[in-house]
Amino acid sequence: MTRLDSALEPIYDQVLQRNPGETEFHQAVLEVLDSLGPVVRKHPAYGDARVIARLCEPERQIIFRVPWVDDKGRIEIFRGFRVEFNSALGPYKGGLRFHPSVLLGTVKFLGFEQIFKNALTGLPIGGAKGGSDFDPKDRSDMEIMRFCQSFMTELYRHIGEYTDVPAGDIGVGGREIGYLFGQYKRITNRYESAVLTGKGIGWGGSQVRREATGYGTAVFVEEMLRTKGGSFDGEKVVVSGSGNVAIYAMEKVHQLGGTVVACSDSSGYVYDERGIDVELLKDVKEVRRARISQYAEERGARFVAGGSIWDVPCRVALPCATQNELDGAGALALVRNGCVAVGEGANMPTTPEAVQVFREAGVLFAPGKAANAGGVATSALEMQQNASRDSWSFEHTEGRLEEIMRGIHERCAATADEYDVPGNYVLGANAAAFVQVAEAMLAQGVI
Ligand code: NAP
């Protein structure tokens, strides 16, 4: 990372001072500010209006208690969060994460990233994120339902079609969205479809929403490979994680002719030389909610407990699990083994050291805010369908998703060219998204 522009340093210092201990939030802010030096020099009005300093302070942060009763009759208490970061482009929009590692700083890092990601989609959505330190793993369906009901009993006051529209993220899939929506409807007595996205197809959900983030990531990376005359066809690919994003990234890579030879969960990774059997993986992870070792056992593939998935040789790597999962050592191993492209399906999975390794080695690198924007883009398409009481076919929706992903790729590449750093998708994504949000903030005054 280069030294920050002198106009940006005091802003970053204030972020550090005002948000002590929130290291992931600091990391996300620094990554964006690192790209903005040439942008603020070109647009002095942004400095005068203190646009960046305002952007770094969420518009609203909500923290609440989530008490509920487990299957044994014990009272459990967790913490709920919703950070409504920026509404310059539209109602707040962003997922909910249920994972024991969730702290306010985690939600702020994700909410901050979401502002720029949502801007890149070109759709009218602001940035937000939320969640809880609740761990849904090994909980019964009824426990998940009671937790979601308690969570929504507070959250409902803050959300709405024109205010804030949550969706899923780690630990929050179709089942949780169903319970959350049911409780919202019960409390408000309103069937307000567009208050949540990621709903079931039969009750207001959109085709392709489940697949969108993973499919979109693969489409973005295919576009990136094409700029160098390549493609997924015939290439070995490694995908970390085996959740929603990872599974559908693998499915699309296979459709595009690549072979995914390894994937993981938090207990280890599977190496499957013949290519991951995505249908079996879906059955293990989505239907039976079992561990990846179960897949390995049934498939006759090798399971490696612990260990680094990035040691598996591949041409393309797609980190699709969680933040900071791909570090400098992992990046060096990938480069050593001939990796030519990395696409972030997860949010900020690559550490700054690893990004530096890829930059120096000339590896094509797609940042998450561009590469994984397909999920939120399709959520916005779900909102459009809800607003017009319409439902589109799978083919039509997938066509829209692909068009949006190609558009994001084109915008990032063109912006990188404009700032004389061709192929730098990090700068391209940050600068293109920032200018769009900054223009809207300038127009809307000091609020
Ligand atoms: P998910 O369905 O809950 O899956 C998460 C996967 O990551 C699981 O396989 C999980 O394994 C694994 N994982 C979690 N923590 C890990 C760790 N510390 N080490 C190794 N593996 C770990 O979540 P998801 O929706 O796919 O989200 C994955 C990432 O994509 C997140 O960064 C999320 O913010 C981002 N994202 C998601 C969407 C979306 O539409 N869902 C959109 C944009 C970005 P275990 O089961 O063992 O925990």
Side-chain angles (χ1 to χ4, degrees), residues 24 28 93-102 106-107 109-114 116-118 120-121 127 129-131 134-138 166-177 197-198 206 208-217 220 239-250 262-270 276 281-282 284-286 288-295 303-310 318-327 330 343-350 366-380 382 401 405:
E24 290 164 339
K93 181 92 198 82
L96 298 170
R97 175 177 292 192
F98 292 169
H99 193 273
S101 64
V102 168
T106 321
V107 180
F109 121 63
L110 291 163
F112 185 74
E113 290 272 298
Q114 198 80 41
F116 303 97
K117 180 186 311 196
N118 293 2
L120 286 173
T121 67
K129 202 79 184 191
F134 170 69
D135 187 356
K137 235 180 253 157
D138 301 327
D169 189 74
I170 291 180
V172 179
R175 173 182 58 169
E176 291 75 16
I177 293 292
T197 58
S206 173
V208 195
R209 176 60 191 89
R210 188 180 46 171
E211 294 83 356
T213 309
Y215 275 22
T217 301
F220 189 98
V239 177
S240 65
S242 49
N244 174 260
V245 178
I247 286 176
Y248 293 95
M250 294 187 227
C263 66
S264 61
D265 63 17
S266 55
S267 62
Y269 71 87
V270 160
I276 299 288
L281 186 65
K282 282 186 198 172
V284 170
K285 300 301 284 190
E286 293 183 340
R288 290 185 265 156
R289 298 182 189 277
R291 310 301 298 158
I292 195 112
S293 50
Q294 185 70 29
Y295 167 91
F303 174 67
V304 182
S308 170
I309 192 172
W310 311 120
L318 305 179
C320 293
T322 194
Q323 63 267 23
N324 290 327
E325 53 165 318
L326 171 48
D327 62 8
E344 294 188 322
N347 285 313
M348 208 170 73
T350 316
K369 58 172 76 72
N372 72 35
V376 74
T378 309
S379 276
E382 182 174 331
L401 168 66
M405 293 315 297

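We use all heavy atoms of the structure for the numbers below, so side chains are in, but hydrogens, waters and symmetry mates are not. All ligand and atom numbering here is 1-based and tracks the order in the structure.
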Under 4.0 Å from any heavy atom of [X], which atoms of ligand 1 are there?
| X | result |
| --- | --- |
| T213 | 38 (C), 39 (C), 40 (O), 42 (C), 43 (C) |
| N372 | 43 (C), 44 (C) |
| R97 | 31 (C), 32 (O), 33 (C), 34 (O) |
| C320 | 28 (C), 29 (C) |
| G171 | 3 (O) |
| A346 | 29 (C), 30 (O), 32 (O), 35 (C) |
| S242 | 9 (O) |
| R209 | 40 (O) |

Does any N/O atom on [X] come nearer than 3.5 Å to any N/O atom on ligand 1?
| X | result |
| --- | --- |
| K117 | no |
| G375 | no |
| T322 | no |
| S266 | yes |

Atom [atom1] in [X], atom [atom2] in [Y]: separation rounded to 0.5 Å?
| X | Y | atom1 | atom2 | result |
| --- | --- | --- | --- | --- |
| M405 | T378 | CE | OG1 | 9.0 Å |
| H99 | T106 | NE2 | OG1 | 10.0 Å |
| N372 | T213 | CG | OG1 | 6.5 Å |
| F109 | Q114 | CZ | CD | 10.5 Å |
| K137 | D265 | NZ | CG | 7.0 Å |
| N118 | K369 | CG | NZ | 12.0 Å |

Who's the nearest protein heavy-atom neighbour of [atom], and how far?
| atom | result |
| --- | --- |
| atom 29 (C) of ligand 1 | A321 O, 3.2 Å |
| atom 4 (O) of ligand 1 | G243 CA, 3.2 Å |
| atom 2 (O) of ligand 1 | N244 N, 2.9 Å |
| atom 33 (C) of ligand 1 | D169 OD1, 3.1 Å |
| atom 35 (C) of ligand 1 | N347 ND2, 3.6 Å |

| field | Sub-4.0 Å protein heavy atom next to atom 10 (C) of ligand 1 | value | no
| Counting N and O atoms only, with roles assigned by atom type, does the side chain of N244 sit under 3.5 Å from a partner on the main chain of R210, one being a donor and the other an acceptor? | yes
| query | Under the 3.5 angstrom rule, does the side chain of E113 hit a backbone N or O of L110 as a donor-acceptor pair? | reply | no
| remark: Closest non-hydrogen atoms of K285 and S242, given as atom of the first, atom of the second and distance, are CE-OG, 3.2 Å
| Which residue, S266, S240, S264, forms the side chain to side chain donor-acceptor pair (under 3.5 Å) with E325? | S240
| said: Does the residue R291 have a heavy-atom contact with ligand 1, meaning some pair of atoms that are separated by less than 4.0 Å? | reply: yes
| field | K137 near ligand 1 by a heavy-atom separation under 4.0 Å | value | yes
| task | Would you tell me which option among T378, V245, I247 has the nearest heavy-atom contact to atom 26 (O) of ligand 1? | result | V245
| note | Among T106, I170, V376, the residue with a heavy atom nearest to atom 23 (O) of ligand 1 is I170
| field | Residues which pass ring pair (Phe, Tyr, Trp, His ring centres under 6.0 Å) with F134, listed by chain and number, not counting sequence neighbours | value | W68, F78, F147
| field | For R209, all residues meeting side chain to side chain donor-acceptor pair (under 3.5 Å), sequence neighbours excluded | value | S379
| Among I170, V107, V172, the one residue meeting side chain to side chain contact (heavy atoms under 4.5 Å, CB included) with R97 | I170
